[in-house]
Chemist: 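Input: one structure, supplied below.
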Amino acid sequence: MQGPTSRVVSAPSPQPDGAINSRDKNLDEPTKYQIEVGEKKGWRKALAFLGPGFLVCIAYIDPGNFESDLQSGAEYKYELLWIILVASVSALIIQSLAANLGVVTGKHLAEHCRTEYPKAVNYVLWLLAEVSVIAADIPEVIGTAFALNILVKIPIWIGVILTGFSTLLLLALQTYGVRKLEFVITGLVMTMTVCFFAELGYAKPDSKELLRGMFVPQLRGNGATALAISLLGAMIMPHNLYLHSAIVLTRKISRTPRGLKEACRFCLFESGFALFFAFLINVCVISVSGAICSNPGISQENKDKCDNLDLNEASFLLQNVLGRFSKILFGIALLASGQSSTITGTYAGQYVMQGFLHLRFKPWIRNLMTRAVAIVPSLIVALIGGSRAAGNLIIVCSMILSFVLPFVLIPMLKFTGSKVKMGPYANSWIITVITWGIGGGVMAINVWYLSSSFTKWLIHGSMVMGGKVVLGICVYATILLYMALVAYLTLRIDRENTYCAEDDKEPVDTTTALELGFKSVEQAQAEQQQNHTCHALPRDDIVELQLPRNSASSR
C-alpha cells in the first residue's frame, strides 16, 4: 500500500547552459527507468540487485591503487598486504552503510548534507567533494595515458590529452540503460582479474611470505607510513560514498519494513561479492611487484626500476622479467581500469553537484568539466617531469583523498547512526564502534603524519628562520582548522527527519515506539503518518541521471 505523498513546489530557478531542467512530475507514478525488484525470489532477486557494487568497486582498482600497490610491493615486498586486507574489510562495511542510507531514506549522501548543515558548511563540504573527484580523476588520466603508451607507443603527454575524449565513448553506453553499463563495467573488472592472475602465475610469489604479510601488521619507518596512508587513501574513496548512496536508488524496491531489510541485506552481499574481486586484484599487483623486485637474480637495470617504480616503469619491468605478453596484459588491465574509473567518477561528480547545489548537467558535459581540471596538472607534470613525476602525482592524489575522507565519512556515519534519519535501520552499537574506530584511525594517522613530517622538515630544512615561522603558523593553523571542522561534524546533533517506510499493515507497538525515540505509541503513530510524506519516491531525477531514455523508450 502506498501512502499519500506531498511535495513542496518552488518556483523554477534558471539553469546554466547544459543543465537538465527539472520537470514537475507526479512522483507517485512508477517510473519505467528504474530496475524492478518487486517480489522476485532467490537468485532472481539477487541478480536484480547485482551491478552497483561493481560500479563502486572500480574505485578500489583504479590506476591510483595500482601505483600505490606497485610501490609498496617494490619497497616493502608483502609487508603492507595487511593494509589491503584491513582497507577492504573497512570498505565493505562503509560502502554497505552508504547503500543503506540511500535505500532507507530515498536520499543520497550529498542531499542529506544539504538539508542538514548550514550553507557555509555545505559549501566547504561541496568543495572538498569536488576536490576528491578531481584527485581521483588525475590518476585515471595518467593511468590511461600510461596504458596507451604501453599498448600503442603514444607519448604520455599526448595520451593525457586523448583521455579528455576517450571516456565519452563509454559514456555513450548509458543510452542503452544502466544494466548494459553495469555489465560492461563488470566485464572490465573480470578482464583485470584475469590479467593480474596471469601475471601472478608468471611471478610465482612465495605463498608463506604472502600470507604472513597479509595477517601480520607491521610498519617499518616513515616511508612505510606514507605508503600506508597512500594505500588507505587509494582504497577508501570519498566520492565513492556519494556514488553508492545514489546508485542504489536505481532499484525499485518495496518500502515495507521487510522490503527495506531485504534490500539492505542484498546490497551488502552484492557489495561484498564485487569488492572481493577488487581485493584479489590489489593483492595480485602487490605480490607481483614484491616477487619481481625482491628476486635475488634481478639485473641492476631492473633493480633501478624497482627503486622508482611507477605505472610506466612497471610495464617495462614486467616485459624484461616475465616477457612481452605480461607487459600487454598489464597495459590492457590498466586501460580497463582507467576508462571504467572515469565513468564512475563522472557519475559521482554529477550526484555531488545535484545533491549540494541542485544542479544537474548532462554526463558528457560533467565529464569534460572534471576532466579539464584534471588534465591541466597532469599535462604540466607529464611535460616537465615525464612519467616518473606523473607517477609521483598519483601518490600525492591518493594522500589528498585520505585527508578529505573524514569530511565525507563522518557525515555518513552520523546519518546512518541516527534513528531520526534511519529509524530502526540505524547502525547497531557494534557497527558504530567499528566504523567510528575506522574513521578515528584515519584522522589520527592523517594529523600525526602531516604534523610530524612538517615538523621534521622545519627543523632540518634550509629555509631562513622568518620563513619557517610564517610557514609554520600557516600550516599549523590549517591543521587546527581541519581538526575543528572534524569536531563540528562529529559533535553536531542531526535534526532532519528522513526515515520513511510503509507500515505494511503492522501497528506500531510500544517497543518500536521507544526504539524510534517516541514517548508513546500514539505519538509514534502520528509521526509515522506524517512521515509517509517525508520524501517523494521514486526518485526520477536520480534515475534519469543514471538511466537516460534510449531511442525505443523515448519514441
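Any value given below was found using the heavy atoms of this structure, including those in side chains, with hydrogens, waters and symmetry copies removed.
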Chemist: Assess the pair Phe273 and Phe277: is the distance between their ring centroids shorter than 6.0 Å?
Modeler: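 Yes - the distance between ring centres of Phe273 and Phe277 falls below the 6.0 Å cut-off.
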
Chemist: Just jot down the disulfide bond (SG atoms under 2.5 Å apart) partners of Cys293, sequence neighbours excluded, or say none.
Modeler: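 So Cys293 forms a disulfide bond (SG atoms under 2.5 Å apart) with Cys306.
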
Chemist: Say you draw a straight line from CD1 of Ile332 to CG of Leu335; how long is it, rounded to the nearest 0.5 Å?
Modeler: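 Spacing of CD1 (Ile332) from CG (Leu335) equals 8.5 Å.
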
Chemist: Under 6.0 Å between the ring centres of Phe196 and Phe66?
Modeler: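 Yes, the ring of Phe196 comes within the 6.0 Å limit of the ring of Phe66, centre to centre.
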
Chemist: Can you measure from CD (Glu199) to CZ (Phe330) and round to the nearest 0.5 angstrom?
Modeler: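 Answer rounded to 0.5 Å: 8.0 Å.
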
Chemist: Would you sort out whether Glu270 and Phe54 count as a side chain to side chain contact (heavy atoms under 4.5 Å, CB included), showing the intermediate values?
Modeler: CA-CA 8 Å; Glu270 193 260 347; Phe54 281 93; 4.3 Å; yes

Chemist: First locate atom OG of Ser132, then atom CG of Asn240, and finally report the distance between them rounded to the nearest 0.5 Å.
Modeler: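 The distance works out to 10.0 Å.
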
Chemist: Got a second to check how far Ile281's CD1 is from Leu275's CG, nearest 0.5 Å?
Modeler: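 If I round to the nearest 0.5 Å, the distance is 11.0 Å.
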
Chemist: If you define the side chain from C-beta out and look only at heavy atoms, does anything of His244 sit under 4.5 Å from His108?
Modeler: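 Contact flag for His244/His108 side chains = no.
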
Chemist: Please report the interatomic distance CE(Met192) to OG(Ser337), rounded to the nearest 0.5 Å.
Modeler: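 Rounded to the nearest 0.5 Å, the CE-OG separation comes to 5.0 Å.
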
Chemist: Which value, rounded to the nearest 0.5 Å, describes the distance between Lys77 atom NZ and Ser72 atom OG?
Modeler: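 These two atoms lie 13.5 Å from each other.
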
Chemist: So Met214 and Tyr78, side chain to side chain contact (heavy atoms under 4.5 Å, CB included) or not? Walk me through it.
Modeler: CA-CA 7 Å; Met214 190 177 298; Tyr78 315 125; over 6 Å; no

Chemist: Working note: Tyr60 + Gln95, criterion side-chain hydrogen bond (donor to acceptor under 3.5 Å, both in side chains); need CA distance, chi angles, decisive distance, verdict.
Modeler: CA-CA 12 Å; Tyr60 297 89; Gln95 291 295 161; 2.5 Å; yes

